[in-house]
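Please read the structure below before turning to the comments.
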Amino acid sequence: MTLEKAGMLYGLLGVCSFSLTLPVTKVVVTALSPASAGLGRALIAAILAALVLVFKRVPLPSLAQFSQLVLVSAGVVIGFPFFSSWAMERVPATHGAVIIALLPLATAGAAAFFAGERPGKTYWLSSIVACLTIIGYAVLSGFGALQWADLALLGAVVSAAIGYAVGGQLSKTLGGWQVISWSLIIAFPFLVVPIAGPLLTELQHASWTVWAGFGYISVVSMFLGFFAWYHGLALGGVARVSQTQYFQPFLSIIASWLLLSEPFTWGAVLATVIVVLAVAKGKNASVTVKQPAPSTNSR
């Protein structure tokens with residue numbers, strides 16, 4: 001098997017792991033609060049990350065790497081889990097899957113921003129098409145108006161996009177599994193006091209399905225899924241393997257139908273197809289590097 005094929009398989013494994021996050025979170029928030037479901041998973045994953053880092057005797061990141069890890073932590077450890085959990089308490093997982101389909105395009109935009117690049121017209125046209133499709137779907141499925149949950153899902157997209165963009169850049173020097181591990185460690189001290197107590201109390205009264213779901217989003221969605229995803233990017237290349245992310249919204253819709261018995265609506269499928277096509281077009285748009293302004297100082 002070539003490195004590219006191996007990378008694609010690992011990438012698909014990561015995508016499959018992430019595609020179950022929304023429907024499984026939908027199950028978990030039936031018994032846990034959005035804060036416990038969204039942020040409590042980071043506590044479990046952080047303990048696993050600490051064990052791995054200690055076992056492998058990994059040195060501390062540099063100060064420059066630490067500042068980037070803070071952004072990754074804020075995006076994928078705190079922002080996305082909390083916003084998506086809050087939304088899953090209010091809207092179907094299928095609804096969330098359609099809006100989360102914006103993530104690859106948002107990630108491309110965030111990567112261009114942090115790299116000082118300017119996407120071309122194709123990127124912005126694709127963004128407009130995708131966003132208008134999302135707004136139209138959200139309004140129609142929300143009985144004529146946008147919901148707060150839609151804004152929360154957009155917040156989840158922005159959070160994850162920043163975390164993916166910065167984390168993807170940092171993984172080139174630090175390694176992908178270390179990026180997610182250190183990001184979890186950074187978040188742990190800020191979450192353990194306000195989250196641990198309520199989480200343990202709520203889990204005492206939860207069913208086995210909630211326990212199983214919480215275990216999945218803690219161990220797989222928040223930890224092991226990133227291992228497979230980043231390893232695939234390293235083996236097969238970011239440009240090639242990242243294309244597998246286009247399957248994620250469709251897999252989430254199917255999982256919501258199978259696990260939650262949510263309606264399999266053709267409106268959701270059509271909206272997802274339009275968004276994915278726009279994302280695929282815009283993600284590969286040409287970019288230009290922002291040139292520094294010429295100096296006006298004279299000698």
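Predicted, not measured: the structure shown is a model, and the values here were computed from it.
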> Step by step, would you call Leu153 with Val157 a side-chain contact (heavy atoms from CB on, under 4.5 Å)?
Replying inline: CA-CA 6 Å; Leu153 287 166; Val157 168; 5.7 Å; no
>> Please report the interatomic distance CG(Leu20) to OG1(Thr25), rounded to the nearest 0.5 Å.
In response: 10.0 Å
> Where do Phe66 and Ile186 land on the side-chain contact (heavy atoms from CB on, under 4.5 Å) test, with the steps shown first?
Replying inline: CA-CA 9 Å; Phe66 180 83; Ile186 289 173; 3.7 Å; yes
> Short question: side chain of Ser252, backbone of Ser19 - any donor-acceptor pair under 3.5 Å?
Replying inline: yes
> Taking Glu262 for the side chain and Pro92 for the main chain, is one N or O donor matched with an acceptor at less than 3.5 Å?
Replying inline: no
> Between CG of Leu39 and OG of Ser85, what distance do you get to the nearest 0.5 Å?
Replying inline: 7.5 Å
>> I need the single residue from Val77, Ile78, Leu170, Val166 that forms a side chain to side chain contact (heavy atoms under 4.5 Å, CB included) with Ser183. Which is it?
In response: Val77
> Under a 4.5 Å side-chain heavy-atom rule over Ile, Leu, Val, Met, Phe, Trp and Tyr, are Val27 and Trp208 clustered together?
Replying inline: no
> When rounded to the nearest 0.5 angstrom, what is the spacing between CG in Leu43 and CG in Leu199?
Replying inline: 7.0 Å
> Quick one: do Met88 and Leu258 end up in the same hydrophobic cluster if we chain Ile, Leu, Val, Met, Phe, Trp and Tyr together by side-chain heavy atoms under 4.5 Å apart?
Replying inline: yes
> Do you reckon Ile185 sits in the same ILVMFWY cluster as Val70, going by side-chain contacts under 4.5 Å, direct or chained?
Replying inline: yes
>> Can a donor-acceptor pair be found, under 3.5 Å and without considering hydrogens, that links the side chain of Ser218 to the backbone of Gly215?
In response: no
> Is it true that a side-chain atom of Tyr216 and a backbone atom of Ser17 form a donor plus acceptor pair closer than 3.5 Å?
Replying inline: yes
>> Could you check whether any side-chain N or O of Ser181 sits under 3.5 Å from a backbone N or O of Gln178, counting only pairs where one atom can act as donor and the other as acceptor?
In response: no
>> Would a single hydrophobic cluster contain both Val98 and Ile274, if residues Ile, Leu, Val, Met, Phe, Trp and Tyr are joined by side-chain heavy-atom contacts under 4.5 Å?
In response: no
>> Applying side-chain contact (heavy atoms from CB on, under 4.5 Å) to Val273 and Phe250, what does each step give before you reach the verdict?
In response: CA-CA 9 Å; Val273 169; Phe250 298 103; 3.8 Å; yes
> After noting the C-alpha distance and the side-chain angles of Leu203 and Trp211, does the key distance pass the side-chain contact (heavy atoms from CB on, under 4.5 Å) rule?
Replying inline: CA-CA 7 Å; Leu203 283 175; Trp211 272 88; 3.6 Å; yes
> Would Phe190 end up clustered with Val72 when hydrophobic side chains under 4.5 Å apart are linked, directly or stepwise?
Replying inline: no
> How long is the span from the CZ atom in Phe82 to the CG atom in Leu191, to the nearest 0.5 Å?
Replying inline: 11.5 Å
